[in-house]
Amino acid sequence: MLARSRLAVVATTTLLSLAAPGFACDVPDDAAAQQAEVLANVNAERKAQGLSALRPSPKLDKAAQSLACDNADRQSISHDSSDGGTLKTRLREAGYAFRAAAENTGRGFGSGARAVEWWMDSEKHRDNILLRKAKEVGIGIAVSAAPDSKLHWILVVGASR
């Protein structure tokens with residue numbers, strides 16, 4: 001069974017942030033490890049294509065986590081949040097001025113490696129991971145309420161202005 005903990009705000013300087021300010025949702029106890037697994041797998045895919053590694057961005061984390069929490073609450077895989085917000089809206093709210101950005105959503109993957117594997121098997125998601133202009137990444141993970149209890153994954157890649 002998936003262990004969960006209630007988080008309102010978590011920010012670290014050494015790991016990707018786990019929850020965006022103002023968002024309270026369930027995240028897996030091993031969220032930091034899951035985020036690190038996603039990042040490692042994404043960067044391995046990029047390296048295999050001769051692309052530069054993405055570096056973590058707290059602002060992109062905030063945008064990703066806000067949608068992960070919202071999607072988990074709705075048991076959805078939408079790119080639009082419940083208030084009608086879009087990626088552009090979330091990036092603006094996170095204070096991320098971008099020249100390029102893309103977003104992947106997913107639901108139900110049991111690991112970060114499986115999420116990246118699935119995204120790489122989907123042409124549009126693969127294109128987002130391999131976006132040449134992207135330099136940074138944010139990763140959001142949330143757990144929907146029982147009995148569903150599925151992981152909701154958001155990957156946001158971008159390049160700031």
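Quick caveat: nothing in here was measured; it's all calculated off a predicted structure. Each residue takes its place number in the sequence, starting with 1.
- Side chain of Asn43 to backbone of Ala53: no donor-acceptor contact under 3.5 angstrom is found.
- Remark: side-chain polar atoms of Arg46 are paired, donor with acceptor, to backbone N or O of Ser52 under 3.5 angstrom.
- With Ser144 contributing its side chain and Lys150 its backbone, the two residues share a donor-acceptor pair below 3.5 Å.
- A tilted orientation is assigned to the rings of Phe109 and Trp118, their planes being inclined by 30° to 60°.
- Taken from CG in Leu60 to CD1 in Ile154, the straight-line distance is 13.0 Å, to the nearest 0.5 Å.
- Considering all non-hydrogen atoms of both residues, Trp153 and Ala115 come closest at CD2-CB, 4.1 Å.
- Taking all atoms of both residues into account, the shortest heavy-atom contact from Gln75 to His152 is CA-CE1, 3.7 Å.
- Salt bridge present: Asp148 and Arg107 bring a charged side-chain N and a carboxylate O closer than 4.0 Å.
- Contact of the Val42 side chain with the Leu54 side chain is registered, since non-hydrogen atoms from C-beta on lie closer than 4.5 Å.
- Side-chain atoms of Trp119 come within 3.5 Å of backbone N or O of Thr105 as a donor-acceptor pair.
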For this session: Show your working on side chain to side chain contact (heavy atoms under 4.5 Å, CB included) between Met120 and Leu130 and close with a plain yes or no.
Result: CA-CA 9 Å; Met120 290 301 291; Leu130 301 178; 4.1 Å; yes
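- Thr89 OG1 to Leu67 CG: the interatomic distance, rounded to the nearest 0.5 Å, is 11.0 Å.
- Between the side chains of Asp80 and Ser78, no donor N or O sits under 3.5 Å from an acceptor N or O.
- Note that the CD atom of Gln34 and the CG atom of Leu151 stand 6.5 Å from one another [nearest 0.5 Å].
- Electrostatic pairing of Glu117 and Arg114 counts as a salt bridge here, judged by a charged N lying under 4.0 Å from a carboxylate O.
- To the nearest 0.5 Å, atom CD1 of residue Ile129 and atom NE2 of residue His125 are 8.5 Å apart.
- Closest of all the heavy-atom pairs between Arg90 and Ser66 is CD-OG, 3.4 Å.
- The shortest side-chain heavy-atom distance between Val27 and Val143 does not fall under the 4.5 Å cut-off.
- At distances below 3.5 Å, at least one donor-acceptor pair connects side-chain atoms of Asn128 with backbone N or O atoms of Glu103.
- Across every non-hydrogen atom of Arg161 and Phe98, the tightest pair is NE-O, 3.1 Å.
- Residues Ser82 and Asp70 have side chains that bring a donor and an acceptor to within less than 3.5 angstrom of each other.
- Nearest heavy-atom pair, Gly140 versus Ala68, reported as atom, atom and distance to 0.1 Å: C-CB, 3.7 Å.
- Val157 and Ile77 are not part of a single hydrophobic cluster, where members link through side-chain heavy atoms under 4.5 Å apart.
- Salt bridge Lys59/Glu136: absent, no basic N to carboxylate O contact under 4.0 Å.
- In this structure, Arg132 places its CZ atom where only 12 or fewer heavy-atom neighbours from other residues, nucleotides or ligands lie under 6.0 Å away.
- Taking CD1 of Ile141 as the reference point, atom CD of Gln65 lies at 7.5 Å (rounded to 0.5 Å).
- Counting heavy atoms from C-beta outward, Val116 and Glu45 have side chains that approach closer than 4.5 Å.
- Side-chain atoms of Asn41 come within 3.5 Å of backbone atoms of Glu37 as a donor-acceptor pair (strictly under, hydrogens ignored).
- The structure places OH of Tyr96 at 11.0 Å from CG of Asp61, a figure rounded to the nearest 0.5 Å.
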Problem set entry | Evaluation steps, side chain to side chain contact (heavy atoms under 4.5 Å, CB included), between Leu155 and Val38 | CA-CA 9 Å; Leu155 177 81; Val38 169; 4.0 Å; yes
